[in-house]
Amino acid sequence: MENNLVIYNTLSRKKEAFVPLKSPFVGMYVCGPTVYGDAHLGHARPAITFDLVYRYLKHIGFKVRYVRNITDVGHLEADADEGEDKIAKKARLEQLEPMEVVQYYVNRYRENMKQLNVLPPSIEPHASGHIIEQIEMVKNIQDKGFAYETNGSLYFDVEKYNESHPYGILSGRKIEDLMANTRELEGQDEKKNPMDFALWKKAQPEHIMRWPSPWSDGFPGWHMECSAMGCKYLGEEFDIHGGGMDLMFPHHEAEIAQSQIANGKQAVKYWMHNNMVTLNGQKMGKSLGNAIDLEAAFTGNHKLMEQAYSPMTIRFFILQAQYRSTLDFSNEALQAAEKGLDRLLKATETIHNLKTGETSDFNIQELKDKCYAAMNDDFNSPITIANLFDGVRWINSVNDGKASLKREDIELLKTLYNDFVFDILGLKSEEVGSGNDGLVEGVMNTILELRKDAKLNKDWTAADKIRDELAKLNIVIKDTKDGATWEVKE
RNA sequence: GGUCUCGUGGCCGAGCGGUUAGGCAGAGGUCUGCAAAACCUUGUACAGCGGUUCGAAUCCGCUCGAGACCUCCA
């Protein structure tokens, strides 16, 4: 299998040749959602970014185990007075069992992902289902002398760690700066140093979600789950760890430190971080109050949405930017994406109707090579898409009879667009109609026949009336030289 | 305050030392009964000021502006 893939590694801040630890197997871990609310446009970015990575790695022949966790314990509320668990807080507010809240939002998250055509990961472990593994890992770190206990909570000793391993290698931070600049937060008095992080937290009486441990009844620290579950399912060392840039510090930095101590080695070979989605130039975030839920984007039911945008429009829009760049949402940009996507998908359909020619006016093999080259260059989907649009123009011009392609080139195009548009970019045509297609087909054919007769009689009034009335029902009629066609417009 | 990233034509967004990115919108044309779609033609942009270089959007410095992280966050 040929592999010319290059990945930008946050750890080195450089593009590096992708060489898996145990080719052809690839282990990939991506930080998943905290299920205490609906997924918004910001969540779509990592999901789609790493879906693209997953799809492409598989496409070029790797056997990928893709692990994306569900965080359902342990994230503390910064603004809550007692550092209350987000899930527990939500549960209390809504008078539900915590796991009921978790299940509800997991279901909705999965539904959203399905709409976006994001493939399910190989394993979707819940943090709450891996408390034992996390406790074992914490014990391990404690045994090695890198943890200290205060009031039943256990903290990681960053200063001690830094003596043997630089802390901050991923985010480029220096421990001296961290010492000087970490803000004062409540509950910090239990720590020796402000940048120390919790491995285990003792539960306060009001905490509903709690588990027994050697130290106290409580819950694992925020960063433990990813280290423990990554190790359990992908091994002490694995290839790719992904997540949003905002998780780089402290979350991923803490993961690196924990795993280093627990297993004596760097757990991750390639760190990948997707950039943020912005709205009017500002990061979209739940706590910032400017998040647009995916549901709202899909339905257009939001004050900032001029219209509904289909999941595929959102997906295509995200893929039109490189994953390491910020991406700014606006109605104008989304509408442009919608039209572009439509053009791409239509041309992909058109390939199947192309008539074979004697000669080829376009170099399809070269187009194919360019598409792979773009993807191999750190998953550059915007360039890939630009190349595909070059092909779109060719396809349409062959379809117009203004250029020609030989049979084998048309076959090559079919494979190329099938591979890239559907398999790799994960786009798909919106499904239209439901169940009674045969009936609709028949009715439409009759209507188009009537209109054809009207046109033959030069009864333009009747012909236009049919077209206009159907347009009101979102059915668009197009006259081509081979007769009229119709389609339902979203 | 510290660390870091970014500023590209009307909009989104690639490129990162020398060739058209691409999409959307706009303009003109071909086709069409009229449309729509499609095709052809059309834009010469890289925050500002210096510097390096034969040559800079691309490298360096400064200025201005925006953003991220430093605290849960995708």
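Residue numbers begin at 1 in each chain, while the letters A, B, ... track the order of the sequences. Only a predicted model underlies this, so the values are computations on that prediction, with no experimental measurement involved.
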query: So, is the end of the A:Arg68 side chain (NZ or CZ) under 6.0 Å from the ring centre of A:Phe50 and within 45° of the ring's axis?
result: no

message: Using whole Å, what does the distance between atom C1' of nucleotide B:C70 and atom NE2 of A:His252 come to?
response: 16 Å

- prompt: If we call it a pair only when both distances are under 3.5 Å in a Watson-Crick or G-U wobble match, what pairs with B:C6?
  reply: B:G65

Touch class at under 4.0 angstrom, heavy-atom based, for A:Ala333 against every strand present: sugar-phosphate

- line: Side-chain contact check for A:Lys455: nearest option of B:C39, B:A14, B:G33 is B:G33

query: A:Met248 near the nucleic acid: base, sugar-phosphate alone, or nothing, with a heavy-atom cut-off under 4.0 Å?
result: nothing

message: Between A:Asn380 and B:G15, is there a contact of a side-chain N or O with OP1 or OP2 at under 4.0 Å?
response: yes

task: Remember a base hit wins even if backbone is also touched, and classify A:Gly42 as base, sugar-phosphate or nothing at under 4.0 Å, heavy atoms.
output: base

field: Side-chain N or O of A:Thr34 closer than 4.0 Å to phosphate OP1/OP2 of B:A74
entry: yes

Which nucleotide in B:G33, B:G23, B:A14 has an atom nearest any side-chain atom of A:Gln322: B:A14

query: Is any side-chain N or O of A:Asn396 closer than 4.0 Å to OP1 or OP2 of B:C39?
result: yes

query: Can you check the A:Leu327 CG to B:C6 P distance for me, whole Å?
result: 16 Å

message: Side chains of A:Thr278 and A:Asp328: any donor to acceptor distance under 3.5 Å?
response: yes

task: Verify whether the ring centers belonging to A:Phe317 and A:Phe329 lie closer than 6.0 Å.
output: yes

- request: Check whether the side chain of A:Asp464 and the base of B:G33 form a donor-acceptor pair under 3.5 Å.
  value: yes

task: Would you please determine if the base of B:G23 is stacked by A:Phe389, with stacking meaning a centroid separation under 5.5 angstrom and planes under 30 degrees?
output: no

- prompt: Can you tell which of B:G2, B:A74, B:A21 lies closest to the side chain of A:Arg173?
  reply: B:G2

- request: Please tell me which of A:Asp377 and A:Thr461 maps to the more 5' nucleotide of RNA chain B, matching each residue to the nucleotide holding its nearest heavy atom.
  value: A:Asp377

field: Presence of A:Ser325 side-chain N/O under 4.0 Å of B:A14 phosphate oxygens OP1/OP2
entry: yes

query: Which whole number of Å gives the distance between the P atom of B:U19 and that of B:C46?
result: 16 Å

message: Between C1' on B:C24 and OH on A:Tyr309, what's the gap in Å once rounded to a whole number?
response: 12 Å

query: For B:C40, does either OP1 or OP2 sit under 4.0 Å from a side-chain N or O belonging to A:Arg393?
result: yes

- prompt: For A:Phe249 and B:C70, what is the distance between atoms CZ and P respectively, to the nearest whole Å?
  reply: 8 Å

message: What contact category does A:Thr49 fall into here, base, sugar-phosphate, or nothing, at under 4.0 angstrom with non-hydrogen atoms?
response: nothing

field: Heavy-atom donor-acceptor pair, A:Asn193 side chain to A:Glu159 backbone, under 3.5 Å
entry: no

field: Check: B:A36 base within 3.5 Å donor-acceptor of A:Arg467 side chain
entry: no

message: Please verify the inter-ring angle class for A:Tyr29 with A:His241; under 30° counts as parallel, over 60° as perpendicular, anything in between as tilted.
response: tilted

query: Atom NZ of A:Lys478 and atom P of B:C34: how far apart are they, to the nearest Å?
result: 19 Å

task: Find the partner of B:C11: check Watson-Crick (N1-N3 plus N6-O4 or O6-N4) and G-U wobble (N1-O2, O6-N3) distances, both under 3.5 Å, and reply none if neither fits.
output: B:G23

query: Considering only side-chain heavy atoms of A:Lys339, which listed nucleotide, B:G15, B:A25, B:A38, is closest?
result: B:A25

Derivation and outcome, side chain to side chain contact (heavy atoms under 4.5 Å, CB included), residues A:Glu253 and A:Arg173: CA-CA 10 Å; A:Glu253 211 70 75; A:Arg173 275 164 223 277; 5.6 Å; no

- prompt: Of the candidate nucleotides B:A14, B:A74, B:A38, which contains the atom at the shortest distance from the side chain of A:Asp400?
  reply: B:A38

query: What is the distance from CG of A:Leu344 to P of B:G23, rounded to the nearest Å?
result: 11 Å

- request: Check A:Asp459, A:Asp479, A:Asp464 against A:Arg451 for a salt bridge (charged side-chain N to carboxylate O under 4.0 Å, His left out) and give me the one that passes.
  value: A:Asp479

query: Hey, is the side chain of A:Arg324 poking within less than 4.0 Å of OP1 or OP2 on B:A74, counting only N and O atoms?
result: no

message: Is it the case that the base of B:C34 and the side chain of A:Asp468 share a donor-acceptor contact (distance under 3.5 Å, atom types as modelled)?
response: no

task: Could you tell me whether A:Phe317 contacts a base, only the sugar-phosphate backbone, or nothing, with contacts defined as non-hydrogen atoms closer than 4.0 Å?
output: sugar-phosphate

- request: Measure from the side-chain heavy atoms of A:Glu332 and tell me the nearest of B:C11, B:C12, B:A14.
  value: B:C11

- request: Taking only the side-chain heavy atoms of A:Met276 (C-beta and beyond), determine which of B:C70, B:A74, B:A38 contains the nearest atom.
  value: B:A74

task: Name the residue closer to the 5' end of RNA chain B, choosing between A:Arg451 and A:Arg13 according to the nucleotide with the nearest heavy atom.
output: A:Arg13

- prompt: Aromatic rings A:Tyr167 and A:Phe249: how do their planes relate, parallel, tilted or perpendicular, breaks at 30° and 60°?
  reply: perpendicular

message: Would you measure the distance from the C1' atom in B:A21 across to the matching atom in B:A14 and give it in whole Å?
response: 6 Å

- prompt: How far, in whole Å, is B:A66 from B:U42 if one measures between their P atoms?
  reply: 39 Å

message: Can you check the distance between B:G23 and B:A35, where both ends of the measurement are the C1' atom (answer in whole Å)?
response: 24 Å

field: Nearest-angstrom distance, C1' atom, B:C16 to B:U5
entry: 15 Å

- prompt: Taking atom P in both B:A57 and B:U20, what distance in whole Å separates the two?
  reply: 15 Å

field: Closest to side chain of A:Gln320, choosing from B:G15, B:C24, B:G22
entry: B:G22

- prompt: Base, sugar-phosphate, or nothing: which does A:Val277 touch, judged by heavy atoms less than 4.0 Å apart?
  reply: base

message: Between B:C59 and B:U53, how far apart are the two C1' atoms, rounded to whole Å?
response: 10 Å

- request: Report the base-pairing partner of B:G1 (Watson-Crick or G-U wobble, both distances below 3.5 angstrom), or none.
  value: B:C70

message: Output the rounded distance in Å from CG (A:Asn274) to C1' (B:C69).
response: 15 Å

field: B:C39: pairing nucleotide in any strand, Watson-Crick or G-U under 3.5 angstrom
entry: B:G29

Pairwise C1' distance for B:G48 and B:U8, with rounding to whole Å: 15 Å

query: Which word best sums up how the rings of A:Tyr56 and A:Phe379 line up, parallel for under 30°, tilted for 30 to 60°, or perpendicular for over 60°?
result: perpendicular

message: In this structure, how many angstroms lie between the C1' atom of B:G7 and the CG atom of A:Asp328, rounded?
response: 13 Å

